[in-house]
Asker: 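Have a look at this one.
As a basis for the values below, the full set of heavy atoms in this structure was taken, side chains included, without hydrogen atoms, waters or symmetry mates.
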Amino acid sequence: MKFGGTSVADAEAMTRVINIVKGQLEDHPDDPPPVVVVSAMSKVTDRLVETARLTSVGEADQAVRLLRELLDRHMGVASTLVGPAALAPLLAAVGKDFDDVSALVGRTALLNDVSPQATDTIHALGELASSRIVAAAFAERSIPAAWVDSRAVLVTDTEHTAAMPDMDATCRKTGEIVGPLRKAGQVAVMGGFIGATPAGATTTLGRGGSDYSAAIFGACLNVDEIQIWTDVDGMLTADPRVVGTPRLVPQLSFSEASELAYFGAKVLHPSTILPAVAKDIPVRILNSRRPDVAGTMITADGRATSGQLTALACKRNVTVVDITSTRMLMAHGFLRRLFEVFERFRTPVDVVTTSEVSVSVTVDNPRRLEDIVSNLVTFAEVNCEPDMAIVCAVGENLRADPTIFGRAVNSLDRIPLRLVSQAASRRNITFVIRDADVPEAMARLHAAFFEA
Ligand code: ASP
Ligand code: MG
């Protein structure tokens with residue numbers, strides 16, 4: 001069970017976590033107890049990033065003041081949740097972590113520089129503190145719990161601030177350290193996001209890395225399910241800013257989640273759950289404010305109702321670039337030449353459609369468009385159309401049910417479809433339309449597939 005920053009934001013949020021974990025233990029008394037992975041309390045990592053920045057410019061006093069504020073916040077939460085007996089050792093442990101980092105900040109600021117290694121030690125403080133507090137709060141409420149230092153378990157390479165796990169070594173340590181606790185009926189409480197090199201230097205997995213930690217530990221322990229507790233009910237059938245009443249997606253495949261993540265529907269970043277998907281372990285997104293909502297389950301295969309799409313997504317304000325050349329007819333090398341121009345100006349293209357003599361692409365970031373066009377016009381005719389949008393219908397069922405495509409197109413009757421594409425994966429249909437038509441198009445697709 002992984003709880004994100006908002007789910008451990010303060011004493012109230014942590015109390016909800018306590019109740020959720022209690023509920024899990026009571027409802028499944030015969031299962032091994034859950035392993036709990038927590039993020040830093042909400043916004044804490046941002047403050048620590050600022051602390052590292054201040055350190056790097058020699059502002060030790062300001063950096064240390066920031067650390068004091070953070071320590072106060074943690075102390076406040078700790079003393080709300082933990083009774084007098086357990087509070088002293090907890091505050092001593094959290095206080096020592098902060099003291100160590102303050103000392104490091106003082107030393108490092110003198111150099112007017114902060115090494116990636118020192119940066120990670122600073123950034124790691126949030127997860128260290130939150131996990132210590134949650135473990136103590138569990139014990140206070142008679143949940144059998146043990147704090148585990150993730151740095152002793154998650155073994156990474158030395159790529160500080162974006163470290164990669166060594167899965168074999170990590171699984172070995174997980175088995176050695178977390179395994180026996182589970183067997184003894186203890187809830188292991190661990191910080192996400194942080195690990196250490198084989199030599200013991202603290203590392204972090206990159207921002208948002210706690211989901212990754214949960215997937216890594218879950219994969220090592222071969223758990224039945226990984227739960228990502230957050231502050232939304234799960235993935236929605238469409239962006240609520242575009243479609244009035246989207247539904248919750250009960251289940252989707254890893255690939256569908258990846259398609260949707262590209263469009264910003266990222267409750268979690270799919271790549272972070274790869275270790276779980278590789279082991280066929282389902283990942284469930286749940287809302288810690290509304291624990292009774294079933295949430296969204298992500299599995300390797302997904303399983304939507306037959307004849308249905310899984311979700312819709314859109315990307316607004318893209319530019320369509322049409323590139324036409326009679327020389328393209330029967331010629332080879334034209335596409336290479338064309339895409340080389342986009343490569344040279346580091347501009348990704350999203351949708352690509354072709355005819356015999358023309359290629360149309362969409363570009364999300366128009367920053368280098370002028371340069372791109374002036375290069376393309378040396379060998380082709382170019383036409384740009386701004387204010388367009390990509391509407392994307394995602395569903396594994398597109399593969400099995402050929403009628404979905406037709407139904408989707410029909411639902412868009414009389415809305416001009418500028419480009420239409422279905423890739424070989426046949427997991428999505430992409431329409432490029434005028435941006436002004438997006439609300440209408442999304443509403444109609446949503447009505448046709450999710451409101452029937
Ligand atoms: N606390 C880290 C961050 O804010 C990791 C996480 O929350 O997943 O990026
Ligand atoms: Mg997060």
Asker: Can you list everything that forms a side chain to side chain contact (heavy atoms under 4.5 Å, CB included) with E396? Sequence neighbours excluded, please.
Answerer: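 Testing E396 for side chain to side chain contact (heavy atoms under 4.5 Å, CB included), a comparison that skips the adjacent residues, returns S253, S255, E256, R399, R427.
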
Asker: If we ignore hydrogens and angles and just use 3.5 Å, is the side chain of T174 paired with the main-chain N or O of F217 as donor and acceptor?
Answerer: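 The answer is no, because no donor-acceptor pair under 3.5 Å joins these two groups.
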
Asker: Return all side-chain donor-acceptor pairs below 3.5 angstrom for residues 41-48, not counting sequence neighbours, or 'none' if the list is empty.
Answerer:
unit_1, atom_1, unit_2, atom_2, d
D46, OD1, R207, NH1, 3.2
D46, OD1, R207, NH2, 2.9

Asker: So do the side chains of T310 and N397 get within less than 4.5 Å of each other, counting heavy atoms only?
Answerer: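 Not touching, per the 4.5 Å side-chain cut-off.
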
Asker: Output yes when a side-chain donor or acceptor of R316 lies under 3.5 Å from a complementary backbone atom of D435, and no otherwise.
Answerer: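 Flag set: sc R316 to bb D435 pair under 3.5 Å.
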
Asker: Tell me, do L67 and L125 make a side-chain contact under 4.5 Å, heavy atoms counted?
Answerer: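 A side-chain contact under 4.5 Å exists here.
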
Asker: Could you check D231 against R289 for salt bridge (Lys or Arg N to Asp or Glu O under 4.0 Å), going step by step and ending with a plain yes or no?
Answerer: CA-CA 7 Å; D231 57 357; R289 287 178 178 278; over 6 Å; no

Asker: What residues form a side chain to side chain contact (heavy atoms under 4.5 Å, CB included) with L128, not counting sequence neighbours?
Answerer: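 Side chain to side chain contact (heavy atoms under 4.5 Å, CB included) list for L128, sorted by chain: D97, W147, D149, R151, I194.
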
Asker: Can you check salt bridge (Lys or Arg N to Asp or Glu O under 4.0 Å) on E69 and R65, steps first, answer last?
Answerer: CA-CA 6 Å; E69 280 169 28; R65 194 169 325 129; over 6 Å; no

Asker: Decide yes or no on side-chain hydrogen bond (donor to acceptor under 3.5 Å, both in side chains) for D120 and T204, but give the supporting numbers first.
Answerer: CA-CA 6 Å; D120 267 348; T204 64; 2.7 Å; yes

Asker: Between the main-chain N or O of M190 and the side-chain N or O of S150, is there a donor-acceptor pair closer than 3.5 Å?
Answerer: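 A pair under 3.5 Å: no.
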
Asker: If only atom types and distance count, is the side chain of T296 paired as donor or acceptor with the main-chain N or O of V249 below 3.5 Å?
Answerer: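 Yes; judged by distance alone, with no hydrogens or angles, the pair exists.
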
Asker: Apply the test side-chain hydrogen bond (donor to acceptor under 3.5 Å, both in side chains) to residues D401 and T403: give CA-CA distance (whole Å), side-chain angles for both, the deciding distance (0.1 Å), then the verdict.
Answerer: CA-CA 5 Å; D401 183 347; T403 69; 2.6 Å; yes

Asker: Report yes if some heavy atom in the side chain of F263 is under 4.5 Å from a heavy atom in the side chain of D239; otherwise report no.
Answerer: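 Answer no - side chains too far apart.
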
Asker: In the structure I gave you, are the side-chain heavy atoms of F339 and V349 within less than 4.5 Å of one another anywhere?
Answerer: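 F339 reaches V349 side chain to side chain.
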
Asker: Of all residues at least two apart in sequence or in a different chain, which pass the side chain to side chain contact (heavy atoms under 4.5 Å, CB included) check with P275?
Answerer: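 Result, side chain to side chain contact (heavy atoms under 4.5 Å, CB included) vs P275: M167, Y212, A215, I216, A219.
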
Asker: Do any pairs count as a ring pair (Phe, Tyr, Trp, His ring centres under 6.0 Å) and have a residue in residues 60-90, sequence neighbours left out, and if so which ones?
Answerer: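 Ring pair (Phe, Tyr, Trp, His ring centres under 6.0 Å) check on residues 60-90 returns H74-F98.
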
Asker: Any chance you could lay out the side-chain hydrogen bond (donor to acceptor under 3.5 Å, both in side chains) test for T119 and H160, step after step, and finish with the verdict?
Answerer: CA-CA 8 Å; T119 302; H160 284 283; over 6 Å; no

Asker: Using side-chain heavy atoms (C-beta onward) and a distance below 4.5 Å, is V352 in contact with S421?
Answerer: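 Counting from C-beta outward, V352 and S421 never come under 4.5 Å.
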
Asker: Can you name the closest pair of heavy atoms from A13 and A9 and give their distance?
Answerer: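 Heavy atoms of A13 and A9 come nearest at CB-N, 3.6 Å.
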
Asker: Tell me which pairs pass ring pair (Phe, Tyr, Trp, His ring centres under 6.0 Å) where either residue lies in residues 178-199, with sequence neighbours left out.
Answerer: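 Non-adjacent pairs meeting ring pair (Phe, Tyr, Trp, His ring centres under 6.0 Å): zero.
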
Asker: Is there a side-chain contact between V223 and V35 (heavy atoms, below 4.5 Å)?
Answerer: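 Counting from C-beta outward, V223 and V35 never come under 4.5 Å.
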
Asker: Taking T170 for the side chain and V155 for the main chain, is one N or O donor matched with an acceptor at less than 3.5 Å?
Answerer: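 Confirmed, T170 side chain pairs with V155 backbone.
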
Asker: Quick check: closest heavy atoms across T156 and P198, and the distance to 0.1 Å?
Answerer: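 Distance-wise, the nearest heavy atoms are O-CD, 3.3 Å.
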
Asker: Side chains of L312 and F450: does their closest heavy-atom pair fall under 4.5 Å?
Answerer: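 Yes, close enough: below the 4.5 Å cut-off.
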
Asker: Taking only residues two or more places apart in sequence or in another chain, which ones pass ring-ring contact (aromatic ring centres under 6.0 Å, His included) with F449?
Answerer: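 Here no residue qualifies.
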
Asker: With sequence neighbours excluded, give me every side chain to side chain donor-acceptor pair (under 3.5 Å) pair touching residues 18-32.
Answerer: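 Matches after skipping sequence neighbours: N19-R141.
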
Asker: Which heavy atom in S131 sits nearest to a heavy atom in G191, and how many Å separate them?
Answerer: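 Nearest pair, atom of S131 first, then G191: CB-N, 3.5 Å.
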
Asker: Could you give all pairs that pass the side chain to side chain donor-acceptor pair (under 3.5 Å) test and reach residues 277-288, with sequence neighbours left out?
Answerer: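 Every pair satisfying side chain to side chain donor-acceptor pair (under 3.5 Å) with a residue in residues 277-288: S7-S288, E225-R284, D233-N287.
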
Asker: Surrounding CD of E451 (heavy atoms of other residues, nucleotides or ligands, distance under 6.0 Å), is the total greater than 12?
Answerer: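 Check passes, neighbour count above 12.
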
Asker: Considering residues, nucleotides and ligands other than R247, do more than 12 of their heavy atoms fall under 6.0 Å from its CZ?
Answerer: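 Enclosed: over 12 neighbouring heavy atoms sit under 6.0 Å from CZ of R247.
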
Asker: Looking only at non-hydrogen atoms, find the nearest pair between A311 and L236 and report the distance.
Answerer: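 What the structure gives for the nearest pair is CB-O, 4.0 Å.
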
Asker: Is any side-chain heavy atom of L25 closer than 4.5 Å to one of P34?
Answerer: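 Touching, per the 4.5 Å side-chain cut-off.
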
Asker: Which side-chain N or O atoms in residues 77-93 pair as donor and acceptor under 3.5 Å with protein atoms at least two apart or in another chain?
Answerer:
unit_1, atom_1, unit_2, atom_2, d
S79, OG, M75, O, 2.7
S79, OG, G76, O, 3.3
T80, OG1, G76, O, 2.7

Asker: So does R68 have more than 12 non-hydrogen atoms from other groups sitting under 6.0 Å from CZ?
Answerer: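 Atom CZ in R68 is not crowded, with 12 or fewer foreign heavy atoms closer than 6.0 Å.
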
Asker: Check R444 against S411 and note the closest heavy-atom contact, atom names and distance.
Answerer: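 Minimum heavy-atom contact is NH1-O, 3.0 Å.
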
Asker: According to salt bridge (charged side-chain N to carboxylate O under 4.0 Å, His left out), does anything in residues 157-177 pair up with another residue at least two apart or in another chain? List the pairs.
Answerer: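 Of all non-adjacent pairs touching residues 157-177, none passes salt bridge (charged side-chain N to carboxylate O under 4.0 Å, His left out).
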
Asker: Using disulfide (SG to SG under 2.5 Å) as the criterion, list what pairs up with C220, not counting sequence neighbours.
Answerer: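 With sequence neighbours excluded, C220 shows a disulfide (SG to SG under 2.5 Å) to C171, given in chain and number order.
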
Asker: Any sub-3.5 Å donor-acceptor pair from E127's side-chain atoms to A40's backbone N or O?
Answerer: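 Here the side-chain-to-backbone pair exists.
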
Asker: Could you pull out the closest heavy-atom pair between T353 and V420, with the gap in Å?
Answerer: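 Nearest pair, atom of T353 first, then V420: CG2-O, 3.7 Å.
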
Asker: Within a 6.0 Å radius of atom CG on N112, are there more than 12 heavy atoms belonging to other residues, nucleotides or ligands?
Answerer: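 More than 12 within 6.0 Å, yes.
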
